[in-house]
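Below is one structure, written out as structure tokens; the observations come after it.
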Amino acid sequence: MAETQQASQTLPTIEIYNTLSHKKESFQTVSPGKVGMYLCGPTVYKPSHIGHMVGPVIFDTVKRYLVYSGWHVTWVVNITDVDDKLIAESAARGMSMADLAREMTTDYLDNLAALGVDGIDEMPKATDHIDGIIAFIQGLVDKGFAYAADGDVYFDVTKDDDYGKLTNRTVEQTQGEGGSTADRKRSPADFALWKQAKPGEPSWESPWGPGRPGWHIECSAMSGALLGKHFDIHGGGLDLVFPHHENEIAQSESLHGCPMATYWMHNGLMQAAGAAGKVGGRPRDGGADPADQAATKISKSTGAEPFKELLSRHRPEAIKLLLLSTHYRSPIHFGEEPLGESARALEAFERLFARYERLGGPSFYGLPTRDRQAGTAALADLAADVSEEVSALRTRFLEAMDDDFNTAIAVASLFDFVRLTNKFIDSHGLEKAPQPADRQALDAIMLVLRELTGTLGLFLAPPVATGGSADEALVGSLMDLVIELRARARKAKDFATADLIRDSLGEAGIQLEDRPDGTGWSKK
RNA sequence: GGCGCCGUAGCCAAGUGGCUAAGGCAGCGGAUUGCAAAUCCGCCAUCGUCGGUUCGACUCCGACCGGCGCCUCCA
């Protein structure tokens, strides 16, 4: 990746909403010019669904924008490959935990690749960090923050003065994981750092006997190992705020005696409209109402479909656009309808890209991406009136991103950008009598559009061509013939024949477009 | 019961104490076109309800109604 490195004094001021302080704060890094960012990744026990992709897409954009703005960013996403759910699932499927983890990790990586999430620098696996995890726990025990009980080790929340600070709750207000281990704990809110292995379960040797890490501890250990005791951004879904992130803070800050992360960023959760039933949460008094049809979060309990199945019906770009059209902290209404709308909206961009190529421009996808300098230079080449408009939209885009990564406004400015560009092409007659100066101006405009879309991670690669096969080539030459025959009919004013051809093709799913420079066709 | 979030046009979704309340999808009218498609132009919301603060609130405060998340596994 060509990262634009700039002197730190030119870094823009970015505001980030911090869950810890419940407000936006100006972004200040621990080390000048450098950003350490950690995102809680998946527990790899089943195929990932759309919910697992929200964080990666959002934080991919965050990283892109920070890099674009001049920071050097290290982004870590963990893979939790040891956990009760993995043990249960692998047993059910009659395979080893490691094999299950490998299979599901591959699935996860495939999905990230499909979405163009390519900025992750490290993906540590919990099982590769068992020694570090044990040392971490031992440190907590030595400092008196944790205690061993029957082969388990628990974190003692009463020893941590500010336990609950992330979610504004007291030790008394948390009920803790109950169940069979409850009687080993000193307080109900204490949580497991190390779990004793039952016979037949995967285990590692430890000072407390064979066992495995509890949930939470792997993130504390691995983020510390890879990003340091105090790093800049810790992210995850809103559902992880409690208990996961609260407990990470408790572990890391108790051991290290310094803040774990400066900024805690949480993305909103996917909502499935019309999904029935309550997901998780304690039943409230008044109780289960059968007419419970409102939007609910997508999660394992609602049986969200595997992401790969979703990809068989929807293009990754449409999914990305939908995610970025909503502010990252808001819930996202997800479903076939919104995805379809998103895909239709996407076409406005792609038609412009195609139009640009027809006018002799290069492929939009090949233009330099997220290059601030190139964008600024392109702007300087434009005539004053156009430059002003383009510049205003670019500024709107950048200011939106500076303000807590407001991709919804950024995307909106992109749609305005498309309109501006089409208008430029129309008003300067570029399809009829192109002037060299106007063509150059169009190049500059497209360069700025590329700069901005690249910053969001949109339009990284051309839509996957369905063709390439011999059949496709055949269809292509047949279409050339049909279009030629129709052109002759039109020239002879035989519009009945021309329209018959167009209507018949339409019924066959092919859309014709008569343009000043010829007739184009596309599949509907 | 505790902690927190939300309620903006037909649908989705930004945003703001006073200036035209972004953008998308859908719809309507127009330009363009042989007719379409695409493109462009225009139209389409007073911001859940009721009170309060204020010269002025959709934006701040309160109550109420409705919805959602977390408090147990969850991206």
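Annotation: of the two residues near RNA chain B, Ser330(A) and Asp426(A), the 5′-most nearest-nucleotide partner is Ser330(A).
For the segment residues 398-409 of chain A, residues with any heavy atom less than 4.0 angstrom from an atom of RNA chain B are, sorted by number, Asn406(A), Ala408(A), Ile409(A). If you check residues 344-353 of chain A against RNA chain B, the residues with a heavy atom closer than 4.0 Å are Arg344(A), Ala345(A), Arg351(A), listed by number. Of the residues in residues 492-503 of chain A, Phe495(A), Asp499(A), Arg502(A) come within less than 4.0 Å of RNA chain B through at least one heavy atom, sorted by number.
Between Thr167(A) and Glu246(A), the side chains place a donor N or O and an acceptor N or O closer than 3.5 Å (distance only, hydrogens not considered). Judged by distance alone, the side chains of Ser48(A) and Asn111(A) do bring a donor and an acceptor atom under 3.5 Å apart. At a cut-off of 3.5 Å, with distance as the only test, no side-chain donor of Ser187(A) or Asp156(A) sits close to an acceptor on the other residue. Looking only at atom types and distance, the side chain of Ser21(A) has a donor-acceptor partner in the side chain of Glu25(A) under 3.5 Å away. Judged purely by distance below 3.5 Å, without hydrogens or angles, the side chains of Tyr163(A) and Asn247(A) pair a donor atom with an acceptor atom. Remark: the Ser522(A) side chain and the Gln511(A) side chain contain no N/O donor-acceptor pair separated by less than 3.5 Å. Side chain to side chain, Asn422(A) and Arg351(A) fail the donor-acceptor criterion of an N or O pair below 3.5 Å. Residues His216(A) and His245(A) have side chains that never bring a donor and an acceptor to within less than 3.5 angstrom of each other. Side-chain atoms of Asp160(A) and Thr158(A) form no donor-acceptor pair, as typed in the model, at a separation below 3.5 Å.
Leu269(A) comes within contact range of at least one nucleobase, with a heavy-atom separation under 4.0 Å.
Side-chain proximity of His52(A) to the nucleotides rG2(B), rA14(B), rA75(B) is greatest for rA75(B). Counting only heavy atoms from C-beta on, Arg419(A) has its side chain closest to rC41(B) among rA14(B), rA75(B), rC41(B). For Lys423(A), the side-chain atoms get nearest to rC40(B) when compared with the rest of rC73(B), rA36(B), rC40(B). Comparing rA14(B), rC71(B), rC40(B) against the side chain of Thr326(A) picks out rA14(B) as the nearest. For Lys85(A), the listed nucleotide lying nearest its side chain is rC73(B); candidates were rC70(B), rC73(B), rU39(B).
Residues Tyr356(A) and Leu442(A) approach most closely at CD1-CD2, 3.6 Å, considering heavy atoms.
Legend: salt bridge (charged side-chain N to carboxylate O under 4.0 Å, His left out) pairs involving residues 491-500 of chain A, not counting sequence neighbours, sorted by first then second residue: Asp499(A)-Arg502(A).
Taking OG1 of Thr80(A) as the start and CG of Leu86(A) as the end, the distance is 8.5 Å to the nearest 0.5 Å.
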Expected rows: protein N/O vs nucleotides 19-21 of chain B N/O, under 3.5 Å:
none

Kindly give the atom pairs (protein nitrogen or oxygen, nucleotide nitrogen or oxygen) under 3.5 Å for nucleotides 4-10 of chain B.
from   : atom 1 : to        : atom 2 : distance (Å)
rG4(B) : OP1    : Asn168(A) : ND2    : 2.9

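Between Tyr328(A) and the choices Asp404(A), Asn406(A), Thr407(A), the side-chain hydrogen bond (donor to acceptor under 3.5 Å, both in side chains) rule is met once, by Asp404(A).
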